[in-house]
Each structure stands twice: as structure tokens, then as C-alpha cells.
Amino acid sequence: MHGESPHIVFLHFACGYASFPYLPRIFGHPFLYFISSESRGLGMRWSEYLLPTLKETPADAEVVSHQLMMRAGMIRKVAAGIYNYMPFGLRSIRKVETIVREELDRAGAIEVLMPMANPAELWQESGRWEKYGKELLRFKDRKDADFCMGPTHEEVVTDIVRNTVRSYRQLPLNLYQIQTKFRDEIRPRFGLMRGREFIMKDAYSFDLDDAGADASYTKMYQAYRRIFARCGLKFRAVEADSGAIGGSFSHEFMVLAESGEDGIVSCDSCEYAANVEKAEIRMGDVVTPAAAEELRKVETPARKTIEDVALFLETSPQRLVKTLIVETDTDETVAVLLRGDRELNEIKLAHRLGCTWITLAPEEKVLKVTGAPSGFAGPVGLKVRILADLEVQGMADFITGANEKDTHFAGVNLGRDFTVDTFADLRQAVNGDPCPRCGGKLESWRGIEVGHVFKLGTKYSESMGATVLDDQGKDRTLVMGCYGIGIGRTVASAIEQNHDENGIIFPLPIAPFHVVVTMVNPNDDSVRDAAEKLYADLQAAGVETLLDDRDERPGSKFKDADLIGIPLRVTVGARGLKEGNLELQERQSGERTLLPVGEAATLLVEQVRAALAAR
RNA sequence: CGGGGCGUAGCGCAGCCUGGUAGCGCACCUGCCUUGGGAGCAGGGGGUCGGAGGUUCGAAUCCUCUCGCCCCGACCA
């Protein structure tokens, strides 16, 4: 793990100063540089750094952030879902961590560090040793005692609190850590986006009662908003499915990006935003239109999908009702009806059925239930329980499968031809649906979940006996909240959101360096001197600077600079120098400005300060 | 878990079908040359062809097993 090793004074040419213990505000010696006690140096020479950029995209990297993090030398894979954080990538990770620490400290949370190796006993106490499944990586120590790698730390933190907190007067308490976690994902992918080993900030709040827990929750919610805003990210805090707890006490923080794994919706006229898993759809009173057509069979040879059937019968998917055969974890098989162009929201259905998960029935089951191969299921004559989306209630004369190979029914009508056991809101919300709060329009986005705040209640405090005495001297079970931020994923999502065809475009607050100084020709003394001077001046002013002093052709250096995405690039070349200028190019806009040599450092410092203060 | 695909130099790939002394581009090293958008020339180093077993006179190539990695996944709605 990172964190405790004392870091490390780096000296090239001047090894005698290796015990230099702190970071001086200003120094004049251009050959002396170091990594501070925070393991971040202000300056680095590319020629002496480890920044292995790749011209080509590694074959196994699917999403941009993964590709670019590999190409920019930020990460290297060690095993499936397990990565080295290379120096350049680590700097960005540390930036996010620093912002997280500052904001959590400000919100009154207290940092701790819990072990990666968790004894089985704690997990048995909470019952999760049995429940957690294969994602929990278990192992034995030399004495054959059971352990697991912590995928999250409710058990451990609850243990801390029950052992150390006795009185309501010690509350509220909010403990957080930044730790490497391990979840043995079935399919790790997308680089840091979905790894097995990953750096996570997790926090846990403890309060005497519900009201206190709500206050803690709100505080964290606010802190999270600041954190992601300070990271320079476009995000939404959305209502998430909170499972058994209910209410609006679960929010996910979603970085907006096309490639996001989660669908979210937000209202264009009020504050409502939700994960599509949760987003409700409000329908007014639904009136079933009168049937106009007779039920009739139509041949639909080999037309299995909604699109094919609609095309073949020269109608639109909206005129079809699709029938999904679904199995539950409680061993029930039901049929679910949706308008042809709609998608089932499995979470809503599971809630409705009171089960934990549902799954589409396998081919054999479909055959058994409907008597036809999949693709031709319909409600008419079905023996299983039938649920239908509210929208279906407003349909008449529609088309469904006929439970017979290569055959559909047309002119199908509710009541007359079949009956539905339950109508409910079962479909996925889509762009343009009405907002359940204000009736405005919902806009849909893709998002990457980078943070989650959750009111836990007493699940762990109760099973593990975390109680304090209240002012009446009575035992009270603590009310908990838990709050996570994926640190690596935050960096990855920042790249997902901020890149172009040339590479990364880091938001300045989390950029590994603020400025890259590119020497066009390091063999030209005037160029070298001017670049060295700027490099020294910038560091003296606290600007994190990468000096590209490599003896490479300018073209490769520019390409590399674009790739690694440092927000400000200063080109030092003989051409500009003749006029007394350096050239500033902003990565984001591509805008170029001439900087008079004498004022360059000052102007850059101002720009960096402004960017950091803007948030 | 089920299905599919791929493992050949650091990276990206060809060669495999039809067995016969392992190749290309980039990267790397040396020298020359060049220095404002991934230059050029010349020379050079580097591969248990993922692993094990088998077939064969002979296996990167055919067969079996195994490991690793990647992708997809349920009338896709």
C-alpha cells in the first residue's frame, strides 16, 4: 500500500542532500528537485521521469479512459482488473484524494485506516460471510483461520465504534478512510472503471437517532457535491434505488459521459434526477379504449424480434405488446407485458413481486410455459400470472405473440382476449417522459457512478451490537450511513468526460501537472536556458511543472503533450525566443498566446491560481 | 456460469487452412543526419510461438488437455 513509506528525496547530480527533510517554498538550484512528504513534487524532468507513452492503443482496452490511461503511461495491468498506478497516473489519483480529504475534513469526518485483511468473525457476525458470494475474496492464514480482503468496511468500522464509543456525547461520528479494496468481480473491465482491486474512499456515520443520521447524510451529500465540482467534473446527484430502506436516502453521484454504464434521467424544470432503475413514471387515469378489431392469427415466419414483426406487418413497435417470461429467485414464473418499444425495469418488477432479483426465463422454460419457441410469446391463453405495465392498460387492438411458432395475434384486446392480474409501473423511463414531481420533461443521460451516499439505518449496528447510552442512560442502537467514492474511477471518468482525438484533457485541479514546458530543441543553449529558467520560476511559485527536456523531435513531443493532457503547455523554441516570446497553448481550447519571456512565469502562475480558485 | 474469440519480440500484427530452419511495423541500441506536429539513412539486439502431452522423419502450424486474457449473454425487448 501507499501512504506510510517516507518519501523520498530525489536528487540527480546532488546526492549529498538526500536527507533534505521538507519542501522549501523557494529554491534556486535547477538541478535539485524532490518529491515532497505528500509524494508530490512540484517539478519533473521528462528525461528522468518514468512516463512510458504508447503510440498505439493496447488491444484489450475497450473504453477511451482505459486506452488513454494506458497510452499516457498512467496505469499498467498486472492481472485482470489489477493495475499498477504508474507515476504520472498516481499524481492524478493523489489530487483527487487530496480534494476528498479536504472536503471530508471540512464536513467534520475523521480519517482512519482499516485493514485490507478482515477476519471472518466480523463478517460472520453481520451475516455477510455467508451472503456475500464469490465477490468476497476469502483466504486462510497460516493457522488456517478464515480471512477476506475487505470489499467494504461496515463490519470493521462498526467494530471500532462499538468498542470505543460509549456515550451519546461522542456523537455524531463520521469515520472515513482511503483504502485499496478488493472485489473479485466476475468480469473486470474498462481499466480502472471496473477493477477487482481499486482505491476507494469510504465513510461511515454514526448517530443516536434518525434525525441525526439524516443530518449526517445531508452533510455528506453537500461535501460530495463540492468534491466533484472541485474536481472539475460535470455530474448529477441522482436518486438511487435504496432497496429495503426506501425514501430518498440514497443518492448516486454520476459523472456525465456517453460511455457511462448507468442510465439516468433529470428533469428539465425541477431538481428531480434519478437513476433509470428508480425513476418512476406517473400515469394519470388510464382508460382502456374499446376494442374495434376481431382477434385473428397472422403468419409471421421467423419474425422473432419486435422490430422484425412490426416491419413485416407494416406497423410500428408501439402497436405491439411484448410478453416477457420471467423467473424470480422465489421460483415463480410470470409473464410481463410491455408496449413493444419499451424496456422492462427489472428493479421495479422485483420490488413489485417482492423478490430480490428476476431474470428472463431460458429458452426451454419459455417453450414449456408458452408452448412456442421464444419470440412468439403472448398473453392469450397463458397459464401463468400476468403483470402488465400501466401503459398497456391504455392500449387496444394490439399485436402479440400467439404462443405458436411463426405466428402472432393481431386485434388483441384486454379483458376480451385475456386478463391481466396486475397493472403496475414496470417500464424503464426514457427521454421525454413526464417528471414524476413536477410534470416537466425528463432528459436522459449516461453516467458513471463515482460516488454513492446511503442511509444504512441499523442493519450493522444491530447485528453487531453497536450501542451507546443516551441522556436517559438507556442503550440506543446507532443509526448509520455509508458513503463511498471510487477514487480511480473518478480519474477514469474525468478522462471519459474530457478527451479528444489527440488524448486526455485534464481538468486542472486533478491534472498530474499544471504546466508542461516543451523545449523545441534542447540542444540549443538559448532554448535550454529559457526553459530551465521558466521551469525553476514556476516551481518556486508552487506551479507543478513537467519539463520536456527530451532530445526528441518536436513533433513527437507535441503529440505526447497532447496525449497526456496537461492543461497548459508552454513551447520554448528558437523561433519565439528571437522575438522575446514563449508560446502558451491551452490543451482544452487549443488557443495559443504569446508570452513575453520576462512575464511568462507570472502570467502562468495567475492562470493556474485562477483555475484552482474557480471551483 | 454458459457461449465465442485470442495467446507469435516491449506494443500492434502477419504466418497456421495446405507441417519443412519465425516475419513485418512501431519501440529499443550504435553511428550519421535532423529539430515548431509522431523525420531520414546505415548497422544492430531481442522470441521457451502461453504451458503440457500426443501425431509426424519434422509442429507456431494438426490433435488432446491445461492456463491466461478478451468479448458476448438470455423472444435484446
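Sequence lines set the chain letters: A, B, ... in the order given, protein chains first and strands last, and positions in each chain run from 1.
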For A:E591, enumerate each residue passing the side chain to side chain contact (heavy atoms under 4.5 Å, CB included) test, keeping only those at least two apart in sequence or located in another chain.
-> A:E586, A:S589

Hunt down the Watson-Crick or G-U wobble partner of B:G25, both distances under 3.5 Å, from any strand shown, or write none.
-> B:C11

Taking only residues two or more places apart in sequence, or in another chain, which ones meet A:N84 in a side-chain hydrogen bond (donor to acceptor under 3.5 Å, both in side chains)?
-> none

Take the protein atom CG of A:L54 and the nucleotide atom P of B:A9, then report the distance between them rounded to whole Å.
-> 15 Å

Does atom CZ of A:R189 have more than 12 heavy-atom neighbours, drawn from other residues, nucleotides or ligands, at distances under 6.0 Å?
-> yes

Just jot down the side-chain hydrogen bond (donor to acceptor under 3.5 Å, both in side chains) partners of A:K140, sequence neighbours excluded, or say none.
-> A:D146

Watson-Crick or G-U wobble partner of B:G36, both distances under 3.5 Å | none

Can you pull every protein N or O that's under 3.5 Å from an N or O on nucleotides 70-72 of chain B?
from: B:C71; atom 1: OP1; to: A:E62; atom 2: OE1; distance (Å): 3.1
from: B:C72; atom 1: OP2; to: A:R187; atom 2: NH2; distance (Å): 2.2
from: B:C72; atom 1: OP2; to: A:R189; atom 2: NH1; distance (Å): 3.3

Taking for each residue the nucleotide of RNA chain B with the nearest heavy atom, is it A:E583 or A:L324 whose nucleotide lies nearer the 5' end?
-> A:E583

For the pair made of CE in A:M70 and P in B:G10, what is the distance, rounded to whole Å?
-> 14 Å

Considering only atom C1', compute the distance from B:A14 to B:G7 and round it to an integer number of Å.
-> 15 Å

Is the shortest distance from a Lys or Arg side-chain nitrogen in A:R489 or A:E496 to a carboxylate oxygen in the other one below 4.0 Å?
-> no

Determine the Euclidean distance between corresponding C1' atoms of B:G46 and B:C32; express it in Å to zero decimal places.
-> 24 Å

Separation of A:E135 atom CD from B:C1 atom P, in whole Å?
-> 14 Å

Would you mind classifying the nucleic acid contact of A:E327 as base, sugar-phosphate or nothing, using non-hydrogen atoms under 4.0 angstrom?
-> nothing

Residues which pass side-chain hydrogen bond (donor to acceptor under 3.5 Å, both in side chains) with A:T518, listed by chain and number, not counting sequence neighbours | none

C1' atom, B:C49 versus B:A22: distance in rounded Å?
-> 8 Å

Output all residues satisfying side chain to side chain contact (heavy atoms under 4.5 Å, CB included) with A:D262, sequence neighbours left out; order by chain, then residue number.
-> A:M254, A:N275, A:E449

With a non-hydrogen cut-off below 4.0 angstrom, is A:T370 in contact with a base, only sugar-phosphate, or nothing?
-> nothing

Could you state the interatomic distance from CZ (A:R183) to CG (A:L137), rounded to the nearest 0.5 Å?
-> 13.0 Å

Positions of residues 557-576 of chain A (non-hydrogen atom under 4.0 Å from RNA chain B), listed by number | A:F558, A:K559, A:D560, A:D562, A:R569, A:T571, A:G573, A:R575, A:G576

Looking across every strand, which nucleic acid part, if any, lies under 4.0 Å from A:R592 by heavy atom: base, sugar-phosphate, or nothing?
-> base

Can you tell me, in whole Å, how much space there is between the C1' of B:A27 and that of B:C70?
-> 24 Å

In whole angstrom, give me the gap between the P atoms of B:U56 and B:C16.
-> 24 Å

Re B:G68: Watson-Crick or G-U wobble partner, both distances kept under 3.5 Å, found to be B:C6

Point-to-point distance, once rounded to the nearest 0.5 Å, from OG of A:S259 to CD of A:Q497 | 10.0 Å

Charged N-O contact under 4.0 Å between A:K557 and A:E552 | no

Using the P atoms only, state how far B:C71 lies from B:C28, rounded to an integer number of Å.
-> 29 Å

Going by the salt bridge (Lys or Arg N to Asp or Glu O under 4.0 Å) test, which pairs reach into residues 53-68 of chain A, not counting sequence neighbours?
-> A:D60-A:K77

Take atom P in B:G10 and the same atom in B:G51, then report the distance between them in whole Å.
-> 13 Å

Contact class for A:G555 vs. all strands (heavy atom < 4.0 Å): base, sugar-phosphate, or nothing?
-> sugar-phosphate

Can you tell me how far P of B:C11 sits from CD1 of A:I75, to the nearest Å?
-> 15 Å

Looking at every strand, decide which applies to A:R71 at a 4.0 Å heavy-atom threshold: base, sugar-phosphate, or nothing.
-> base

Protein N or O to nucleotides 31-34 of chain B N or O, pairs below 3.5 Å:
from: B:U34; atom 1: O2'; to: A:R553; atom 2: NH1; distance (Å): 3.1
from: B:U34; atom 1: O2; to: A:R553; atom 2: NH1; distance (Å): 2.9

Between A:E185 (CD) and B:C1 (C1'), how many Å, whole number?
-> 15 Å

Rounded to whole Å, the NZ-C1' distance (A:K578 to B:U35) equals 13 Å

When the distance from CZ of A:R528 to C1' of B:G36 is rounded to whole Å, what number comes out?
-> 17 Å

For A:T328, all residues meeting side chain to side chain contact (heavy atoms under 4.5 Å, CB included), sequence neighbours excluded = A:T330, A:E332, A:L353, A:C355, A:I358

Pick the nucleotide of RNA chain B nearest each of A:L338 and A:S556; which residue has the one closer to the 5' end?
-> A:S556

Check A:L534, A:D524, A:L547 against A:M519 for a side chain to side chain contact (heavy atoms under 4.5 Å, CB included) and give me the one that passes.
-> A:L547

What integer number of Å spans the P atoms of B:G44 and B:A59?
-> 30 Å

What is the distance, rounded to the nearest whole Å, between atom CH2 of A:W46 and atom C1' of B:G38?
-> 12 Å

Flag the pair A:V520 / A:R575 as yes when at least one side-chain heavy-atom distance between them is below 4.5 Å, and no otherwise.
-> no

Now, which nucleotide makes the Watson-Crick or G-U wobble pair with B:C41, with each of the two distances under 3.5 Å?
-> B:G31

A:R91 to A:F513, cation-pi by 6.0 Å centre distance and 45° axis angle | yes

Which is true for A:V520 with a 4.0 Å heavy-atom rule: it touches a base, it touches only sugar-phosphate, or it touches nothing?
-> base

Protein N or O to nucleotides 27-29 of chain B N or O, pairs below 3.5 Å:
none

Not counting sequence neighbours, list each pair that qualifies as a salt bridge (Lys or Arg N to Asp or Glu O under 4.0 Å) and has a residue in residues 417-428 of chain A.
-> A:K348-A:D425, A:E391-A:R427, A:R427-A:D433

